[in-house]
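Below, all heavy atoms of this structure are taken into account, side chains as well, without hydrogens, waters or symmetry copies. Chain A is the first sequence line, chain B the second, and so forth, proteins listed ahead of strands; every chain is numbered from 1.
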Amino acid sequence: MVYESEKSTNMQKGFESKNEVFNDMLIDYFQLNLNLKDYYKRWSEADPIFAKAAKQFYGIRILKQEVTENIFSFICSSNNNISRITSMVNKLATFYGEKICELDGETYYSFPDVEVLARGDVEAKLRANGFGYRSKYINESAKFIMQNGGNRWFDDLKKCDYIDAKTCLMKLNGVGAKVADCICLMSLGHLEALPVDTHVYQIASKFYMPQLSTRKTVTDKIYNDIGNHFRELYGPLAGWAHTVRVIIYFFAKYQFYHFKA
DNA sequence: TTCAGACCTGC
DNA sequence: CAGGTCTGA
């Protein structure tokens with residue numbers, strides 16, 4: 001961050017404005033304009049379980065990440081594990097991104113443009129490199145975006161409210177309710193979006209909604225029931241609150257296993 | 001509208 | 001089975 005004291009000493013031409021640009025970028029990326037203290041208070045009052053655990057986890061923030069990168073990374077995430085997701089996203093960058101720099105013997109690439117992912121030969125190459133059935137999702141979603149205006153599609157998406165943005169995203173092949181909510185929450189600033197994955201389902205049925213029917217997979221009905229339940233509980237920033245709740249759950253679980261070992 | 005199954009791959 | 005989505009009944 002840029003402090004006032006530093007600002008006043010950086011009077012060289014361009015330096016101060018450059019710092020302000022970085023400052024604004026960081027404020028935007030960490031969403032620092034939101035006063036977390038007030039929200040933590042509200043969420044704690046609404047939920048005693050949150051209150052108890054949140055004391056040692058104050059300050060968890062939702063990042064506002066780049067949209068394109070998020071859409072295709074989350075398409076990779078469905079029914080998949082973290083290590084393979086990571087490797088797949090890295091492959092997208094090295095295959096189709098632009099070289100940024102080399103550092104300590106490693107080469108870094110940008111996340112590719114949608115235009116490149118829409119090319120005709122992408123699906124086959126991804127399939128040959130272990131992307132499985134998500135190869136088609138990635139290629140077809142990129143094609144769909146290009147056919148529907150490219151950059152204009154993104155501009156329009158960013159103007160939508162939560163419901164419209166989610167509907168728009170779910171038109172992409174490979175983007176269902178959960179992935180769409182991830183993108184809404186983590187890229188578009190719709191902080192009421194609440195991604196329900198299998199873990200969230202476990203937490204919800206165990207601690208909050210014991211009446212939930214037990215099934216192998218999260219059905220649309222269960223998905224919406226859980227989202228609405230937490231939106232009523234936490235209010236307009238339910239997605240943020242709930243993410244904090246999930247992180248707390250996993251950390252506690254980790255601590256428990258760690259303690260046991 | 002709602003709900004099983006299939007689906008790529010790898011630990 | 002793993003931080004789901006698509007499909008058909």
Side-chain angles (χ1 to χ4, degrees), chain A residues 60-63 65 67 69-92 94-95 117 121-145 163 165-188 190-191 193-209 211-230 238-254 257:
Chain A
I60 296 170
R61 310 201 73 93
I62 303 284
L63 304 179
Q65 297 173 290
V67 193
E69 187 169 335
N70 244 351
I71 289 176
F72 292 97
S73 299
F74 275 114
I75 286 177
C76 293
S77 78
S78 66
N79 189 29
N80 207 350
N81 59 71
I82 304 272
S83 67
R84 186 152 81 113
I85 298 166
T86 308
S87 127
M88 286 161 76
V89 173
N90 284 334
K91 279 179 188 171
L92 286 180
T94 54
F95 291 165
L117 294 177
D121 56 343
V122 168
E123 183 185 339
K125 166 130 177 161
L126 294 182
R127 199 164 265 276
N129 280 277
F131 279 65
Y133 56 80
R134 299 170 197 81
S135 314
K136 194 175 179 183
Y137 293 163
I138 290 167
N139 194 211
E140 285 193 353
S141 290
K143 283 178 183 168
F144 181 90
I145 292 171
I163 297 298
K166 183 170 176 179
T167 306
C168 181
L169 286 165
M170 287 179 68
K171 287 176 182 159
L172 299 175
N173 200 0
V175 177
K178 190 262 180 177
V179 166
D181 274 333
C182 283
I183 297 161
C184 283
L185 176 63
M186 301 183 205
S187 286
L188 298 173
H190 300 309
L191 302 175
L194 205 149
V196 177
D197 59 29
T198 162
H199 303 295
V200 169
Y201 177 41
Q202 304 302 326
I203 295 175
S205 60
K206 189 170 177 184
F207 298 106
Y208 295 87
M209 305 169 72
Q211 74 280 12
L212 276 181
S213 60
T214 46
R215 295 188 184 286
K216 288 179 190 170
T217 56
V218 179
T219 64
D220 282 352
K221 178 167 164 50
I222 292 175
Y223 190 101
N224 292 322
D225 285 351
I226 293 175
N228 291 332
H229 176 86
F230 285 109
W240 191 319
H242 187 260
T243 302
V244 174
R245 175 71 186 84
V246 171
I247 291 171
I248 289 167
Y249 173 79
F250 274 109
F251 201 87
K253 202 170 166 180
Y254 169 78
Y257 286 134

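- Close approach of DNA chain C to chain A, defined as any atom under 4.0 Å from a non-hydrogen atom of the protein, starts and stops at C:dA2 to C:dC6.
- With a cut-off of 3.5 Å on both pairing distances, the Watson-Crick and G-U wobble pairs of DNA chain B assemble into stems of 3 or more at B:2-7 with C:4-9.
- No contact: A:D220 has no heavy atom under 4.0 Å from any strand.
- Rounded to a whole angstrom, the distance from the P atom of B:dG5 to that of C:dG3 is 22 Å.
- A search for salt bridge (Lys or Arg N to Asp or Glu O under 4.0 Å) contacts involving A:K178 returns nothing, not counting sequence neighbours.
- Under the 3.5 Å distance criterion, the side-chain polar atoms of A:R134 are left unmatched by any main-chain donor or acceptor of A:G174.
- Remark: A:F207 pairs with no residue by the ring pair (Phe, Tyr, Trp, His ring centres under 6.0 Å) rule, at least two apart or across chains.
- Residues passing the side chain to side chain donor-acceptor pair (under 3.5 Å) test with A:N224: none are found, sequence neighbours excluded.
- A:K221 pairs by the salt bridge (Lys or Arg N to Asp or Glu O under 4.0 Å) definition with A:D225, not counting sequence neighbours.
- By the side chain to side chain contact (heavy atoms under 4.5 Å, CB included) test, A:S73 is found to be paired with A:E69, A:V89, A:F111, residues two or more places apart in sequence or in another chain being considered.
- Base engagement by A:I82 is indicated by at least one non-hydrogen atom pair under 4.0 Å involving a base atom.
- Looking at A:W240, its side chain does come within 3.5 Å of a backbone N or O of A:I60 through a donor-acceptor pair.
- Rounded to the nearest Å, the gap between the C1' atom of C:dC6 and that of B:dG10 is 22 Å.
- Nearest approach of A:A177 to A:K166, heavy atoms of both residues: O-CE, 4.0 Å.
- More than 12 heavy atoms of other residues, nucleotides or ligands sit less than 6.0 Å from atom NZ of A:K91.
- Formation of a donor-acceptor pair under 3.5 Å by the A:T243 side chain with backbone atoms of A:G239 is found in this model.
- Of all heavy-atom pairs between A:I71 and A:L169, the closest is CD1-CD2, 4.0 Å.
- Remark: A:K125 is positioned above the aromatic ring of A:F95, its terminal NZ or CZ atom under 6.0 angstrom from the ring centre and at most 45 degrees off the axis.
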When you compare the protein's N or O atoms with those of nucleotides 4-7 of chain B, which come within less than 3.5 Å of each other, and at what distance?
{"residue": "B:dA4", "atom": "OP1", "partner": "A:R215", "partner atom": "NH1", "Å": "2.4"}

Distance-only donor-acceptor pairs under 3.5 Å for side chains of residues 196-203 of chain A, two or more places apart:
{"residue": "A:D197", "atom": "OD1", "partner": "A:H199", "partner atom": "N", "Å": "2.9"}
{"residue": "A:D197", "atom": "OD1", "partner": "A:V200", "partner atom": "N", "Å": "2.8"}
{"residue": "A:Y201", "atom": "OH", "partner": "A:S213", "partner atom": "O", "Å": "2.6"}
{"residue": "A:Y201", "atom": "OH", "partner": "A:R215", "partner atom": "N", "Å": "3.1"}

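- Side-chain contact check for A:Y223 versus A:D181: some heavy-atom pair is nearer than 4.5 Å.
- In this structure A:Y208 satisfies the ring pair (Phe, Tyr, Trp, His ring centres under 6.0 Å) test together with A:F230, sequence neighbours excluded.
- Of the residues in residues 167-182 of chain A, those placing a heavy atom less than 4.0 Å from an atom of DNA chain C are A:L172, A:N173, A:G174, A:V175, A:G176, A:A177, A:K178, A:V179, in numerical order.
- Interface residues of residues 222-230 of chain A facing DNA chain C, ordered by number: none; criterion, heavy-atom separation under 4.0 Å.
- Between the P atoms of B:dC8 and C:dG8, the separation comes to 14 Å (whole Å).
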